[in-house]
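All remarks here apply to the structure that follows.
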Amino acid sequence: MHLFNTLSGQVEPLAPSDGATLRMYACGPTVYDYGHIGNFRTFLQVDVLRRFLRSQGIAVRHVMNVTDVDDKIIRNASAAGLAISDYTRKFEKAFFEDLDALQVEHPEVLARATEHIPAMVSLIERLAAQDIAYRAEDGSWYFRIARFPEYGKLSKKDFTGIADGARIDVDEYEKDSARDFALWKAPKPGEHRWDTPLGPGRPGWHIECSAMAMEYLGDSFDLHAGGEDLMFPHHENEIAQSESASHRIFSRHWFHVRFLLVEGRKMSKSEGNFYTLRDLLLRGYKPSAIRMLLISVPYRQQLNFTFEGLAAETVAVERLRTFRDRIEKTHWPQRPDAGDGLAVSDVAAAARESKARFTAALADDLNTAEARAAIFEMVRFVNARADAGALFESDKADVLDALRHFDRVFAVLDDHDAEWTRFTLNWAEREGRLQEAAPEVLATRDLSDAQIQALVDERSQAKRTRNFARADQIRNDLAAKGILIEDSKDGVRWRRK
RNA sequence: GCACCGAUGGCGAAGUGGCUAACGCGCUGGUCUGCAAAACCAGUAUUCGCGGGUUCAAUUCCCGCUCGGUGCUCCA
């Protein structure tokens, strides 16, 4: 496949350099709060990448870090009167629950910063041995940027002005250059600290990722991913640290996912358009629709997240699910003129073409918009043939195969939505946040499937006796609680809206 | 302020130097239905932010402008 590489500024082939396994590192969450939809756009796009690679038969070794110590965590934990690990554990757990709700595959390796302090220390020691890392008067360690001439090659910034190492003491600490960044931070009074050969303190953010990536993937690996904001300084610093230590190319390929807008504006707490995944689930939006929306706009485009768009994706996902059900569960007629049995029907041909177009679109820099268009075109065509009585049992395999292929990457066809909504409501109840749930969502919660089925059956009975007033009453009551009843030739079906 | 990215129908968006500008939603009409809803089908941009240029030909390339976003500081 081909993928844009931030480092070269070009779309380039991507393949495992060892010919077997694609080794990739993706910056994970800092677990100080619940994840928001912006976070998840990045994780979802990385998921699309790894799912597509795997669907193409490429093995993936994906390492993701969890930053479970940083300034914010230390501040919040002490404000809550908790040990750092007690504070972060809750949000780390919530993060993985959110990934599960969104059908995001877990990485092969999960690396917590606090469990890799020795690797970070030894990396800093390697740099210190070359005088690239130096200790400041307060006990913090810094990276000497003037010693890495390529600094800026990822973010395309020009730092030649500071390469002379002119001493600029604008900081509270004694750095040799204002641009030099912290590798190891001396502890402040009362702060959690690790006692190491470097002295007491805690790791800087950037050294974390370098140390853990190199520990699990080697000095040099295939791909490094993250949100666009991480390009500078985080990833630039990772490159500087790692390549200074190893004298090898750190990551060959850099994958950056663009930020999203919410209702046309930057998402921020002050704008009032800041949403965690859980906020949306409490409002009754489905995880499948959120996944579909966040995936459908190619990763290099800014995505405008709107509630109208989310509602649209809910319908789009439902249409695909209905289509699969229809194809799978209907007993289609045998083809009348099977003839030589070699000719490919127009339906089968359309399905194969759709599958090929889908794969080609994703192979072309992960064009998810084009890929899903290929599937929807097949859906429309096959539905039309089915309505015309020209869909046959022998076409089924190709159509379902194309859908399976689609869903290995998009992962929206299997319906886990109600399950996650219920999970989120239970969580909200424990957290005392149930009042944030939409009334319709709460109403549905108290209705078990059996109760709904009983009402649906009662309505069918009422219809049979032509008691339409009672039938309509039940239908309206259920609708008010978010339950939709659908009558079809094959019987009555209901679902949670 | 400096640097970079984007601007396509009501909304979200794909795409291309010339063929009918994908796809989803919405809307309108139809099929189905006791009526609805759902489901399905069909129709729905003489036009790609504005101005100029290059070209036989530009939405697509170049320049300027306007607007939106991002980085330069924590941020997915």
Side-chain angles (χ1 to χ4, degrees), chain A residues 9 26-30 32-33 35-46 70-72 152 155-159 179 205 225-234 236 256-261 263-269 289 292-294 296-323 325-326 357 361 364 367-388 462-464 466-469 471-472 475-476 478-479 483-490 492-495 497:
Chain A
C27 288
T30 300
Y32 67 96
D33 203 348
H36 60 254
I37 53 177
N39 297 122
F40 290 116
R41 180 187 196 201
T42 299
F43 295 119
L44 245 7
Q45 292 288 349
V46 171
D70 84 329
D71 291 337
K72 231 175 286 185
S155 52
K156 315 285 185 273
K157 290 177 193 297
D158 184 3
F159 291 96
R179 279 285 180 189
W205 174 37
E228 63 167 324
D229 58 308
L230 298 184
M231 216 161 92
F232 186 88
H234 184 55
E236 199 72 70
H256 288 104
V257 180
R258 289 205 74 178
F259 272 19
L260 53 71
L261 303 180
E263 304 288 351
R265 307 213 54 84
K266 181 179 177 170
M267 179 171 72
S268 74
K269 286 180 177 161
M292 190 73 163
L293 178 58
L294 261 22
S296 290
V297 177
Y299 74 95
R300 281 210 284 154
Q301 285 300 318
Q302 205 163 48
L303 150 76
N304 187 12
F305 182 98
T306 65
F307 284 98
E308 192 184 345
L310 194 47
E313 293 309 305
T314 308
V315 176
V317 168
E318 198 54 43
R319 183 167 167 212
L320 294 174
R321 288 176 177 172
T322 304
F323 175 76
D325 270 12
R326 179 186 196 193
R357 204 181 130 200
D364 178 16
N367 189 341
T368 48
E370 167 74 17
R372 65 176 247 163
I375 290 302
F376 276 104
E377 271 179 5
M378 176 189 78
V379 169
R380 181 168 24 80
F381 180 77
V382 175
N383 268 324
R385 301 301 287 161
D387 286 357
K463 275 177 67 180
R464 239 167 273 129
R466 303 192 68 77
N467 182 356
F468 295 123
D472 290 352
R475 184 170 69 196
N476 292 337
L478 284 175
I483 309 295
L484 283 184
I485 295 186
E486 295 166 16
D487 295 330
S488 75
K489 313 118 225 141
D490 310 318
V492 186
R493 193 171 77 127
W494 66 265
R495 60 187 169 87
K497 206 165 83 186

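Computed over heavy atoms, backbone and side chain alike; hydrogens, waters and symmetry mates excluded. In the text below, chain A, chain B and the rest are named by the order of the sequence lines, each starting its count at 1.
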Let me check something: any side-chain donor-acceptor pairs from residues 375-385 of chain A under 3.5 Å, sequence neighbours excluded? List them with distances.
unit_1: A:E377; atom_1: OE1; unit_2: A:R357; atom_2: NH1; d: 2.5
unit_1: A:N383; atom_1: OD1; unit_2: A:R326; atom_2: NH1; d: 2.6
unit_1: A:N383; atom_1: ND2; unit_2: A:V379; atom_2: O; d: 3.3
unit_1: A:R385; atom_1: NE; unit_2: A:D346; atom_2: OD2; d: 2.9
unit_1: A:R385; atom_1: NH2; unit_2: A:D346; atom_2: OD2; d: 2.8

What's the [atom1]-[atom2] distance between [X] and [N], to the nearest Å?
{"X": "A:R300", "N": "B:C4", "atom1": "CZ", "atom2": "C1'", "value": "13 Å"}
{"X": "A:N383", "N": "B:G24", "atom1": "CG", "atom2": "P", "value": "11 Å"}
{"X": "A:R466", "N": "B:U33", "atom1": "CZ", "atom2": "P", "value": "13 Å"}
{"X": "A:E377", "N": "B:C25", "atom1": "CD", "atom2": "P", "value": "13 Å"}
{"X": "A:F381", "N": "B:A42", "atom1": "CZ", "atom2": "P", "value": "11 Å"}
{"X": "A:R326", "N": "B:C32", "atom1": "CZ", "atom2": "P", "value": "15 Å"}
{"X": "A:L261", "N": "B:U70", "atom1": "CG", "atom2": "P", "value": "7 Å"}
{"X": "A:W494", "N": "B:A38", "atom1": "CH2", "atom2": "P", "value": "18 Å"}

Sticking with atom [atom1], work out how far [N] lies from [M], rounded to a whole angstrom.
{"N": "B:C48", "M": "B:A14", "atom1": "C1'", "answer": "12 Å"}
{"N": "B:U59", "M": "B:G51", "atom1": "C1'", "answer": "15 Å"}
{"N": "B:A37", "M": "B:U31", "atom1": "C1'", "answer": "15 Å"}
{"N": "B:A22", "M": "B:U47", "atom1": "C1'", "answer": "15 Å"}
{"N": "B:U44", "M": "B:U20", "atom1": "C1'", "answer": "14 Å"}
{"N": "B:C23", "M": "B:G69", "atom1": "C1'", "answer": "25 Å"}

Within the structure shown, what part of the strands sits under 4.0 Å from [X] by heavy-atom distance: base, sugar-phosphate, or nothing?
{"X": "A:F468", "value": "base"}
{"X": "A:D487", "value": "base"}
{"X": "A:R319", "value": "sugar-phosphate"}
{"X": "A:K463", "value": "base"}

### Task
Kindly give the heavy-atom pair with the smallest separation between A:L294 and A:L260, and that separation in Å.
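Smallest heavy-atom distance, with atoms named: CD1-CD2, 4.0 Å.
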
### Query
Does B:G69 have OP1 or OP2 sitting under 4.0 Å from an N or O in the side chain of A:R265?
yes

### Task
Determine: side-chain N/O of A:R380 to OP1/OP2 of B:C23, distance under 4.0 Å, yes or no.
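So the side chain of A:R380 is within the cut-off, an N or O lying under 4.0 Å from OP1 or OP2 of B:C23.
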
Could you grab the distance from atom [atom1] of [X] to atom [atom2] of [Y], nearest 0.5 Å is fine?
{"X": "A:D487", "Y": "A:I485", "atom1": "CG", "atom2": "CD1", "answer": "7.5 Å"}
{"X": "A:I37", "Y": "A:T42", "atom1": "CD1", "atom2": "OG1", "answer": "11.5 Å"}
{"X": "A:F259", "Y": "A:K266", "atom1": "CZ", "atom2": "NZ", "answer": "6.5 Å"}
{"X": "A:R41", "Y": "A:F305", "atom1": "CZ", "atom2": "CZ", "answer": "11.5 Å"}

## Note on the structure
Between A:A373 and A:D472, whichever has its closest RNA chain B nucleotide further toward 5' is A:A373

Report each atom pair, protein N/O against N/O of nucleotides 73-76 of chain B, whose distance is under 3.5 angstrom.
unit_1: B:C75; atom_1: O3'; unit_2: A:D229; atom_2: OD2; d: 3.4
unit_1: B:A76; atom_1: O5'; unit_2: A:N39; atom_2: ND2; d: 2.8
unit_1: B:A76; atom_1: O4'; unit_2: A:N39; atom_2: ND2; d: 2.9
unit_1: B:A76; atom_1: O2'; unit_2: A:T42; atom_2: OG1; d: 3.4
unit_1: B:A76; atom_1: O2'; unit_2: A:G227; atom_2: N; d: 2.6
unit_1: B:A76; atom_1: N7; unit_2: A:H36; atom_2: NE2; d: 3.4
unit_1: B:A76; atom_1: N1; unit_2: A:L260; atom_2: N; d: 3.3
unit_1: B:A76; atom_1: N3; unit_2: A:G38; atom_2: O; d: 2.7
unit_1: B:A76; atom_1: N3; unit_2: A:T42; atom_2: OG1; d: 3.3

### Query
Tell me, what's RNA chain B's dot-bracket, Watson-Crick or G-U with both distances under 3.5 Å, | for other-strand, [ ] crossing?
(((((((..(((.....[....)))((((((.......))))))....(((((..]....))))))))))))....

### Query
Under the side chain to side chain contact (heavy atoms under 4.5 Å, CB included) test, which residues partner A:P29, sequence neighbours left out?
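Result, side chain to side chain contact (heavy atoms under 4.5 Å, CB included) vs A:P29: A:V31, A:F43, A:M64, A:V66, A:F95.
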
### Message
Run the side chain to side chain contact (heavy atoms under 4.5 Å, CB included) test against A:K72 and tell me which residues pass, sequence neighbours left out.
### Response
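If we apply the side chain to side chain contact (heavy atoms under 4.5 Å, CB included) test to A:K72, skipping adjacent residues, the hits are A:Y32, A:D70, A:R75.
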
### Query
Applying side chain to side chain donor-acceptor pair (under 3.5 Å), which residue pairs with at least one partner in residues 306-318 of chain A are found, sequence neighbours left out?
A:E313-A:R372

## Note on the structure
With sequence neighbours left out, the residues meeting salt bridge (Lys or Arg N to Asp or Glu O under 4.0 Å) with A:R321 are A:D415, A:D417

### Message
List the residues meeting salt bridge (Lys or Arg N to Asp or Glu O under 4.0 Å) with A:D472, not counting sequence neighbours, and say none if there are none.
### Response
A:R475

### Query
Residues in ring pair (Phe, Tyr, Trp, His ring centres under 6.0 Å) with A:F468, at least two apart?
none

### Message
Can you list everything that forms a ring pair (Phe, Tyr, Trp, His ring centres under 6.0 Å) with A:H36? Sequence neighbours excluded, please.
### Response
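In terms of ring pair (Phe, Tyr, Trp, His ring centres under 6.0 Å), with neighbours along the sequence ignored, A:H36 is linked to A:F274.
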
#### Entry: Footprint string (nucleotides 8-16 of chain B, 5' to 3'): B base within contact, S backbone only, - free, heavy atoms under 4.0 Å
--BSSSSS-

Give each protein N/O atom lying under 3.5 Å from an N/O atom of nucleotides 27-29 of chain B, with the pair distance.
none

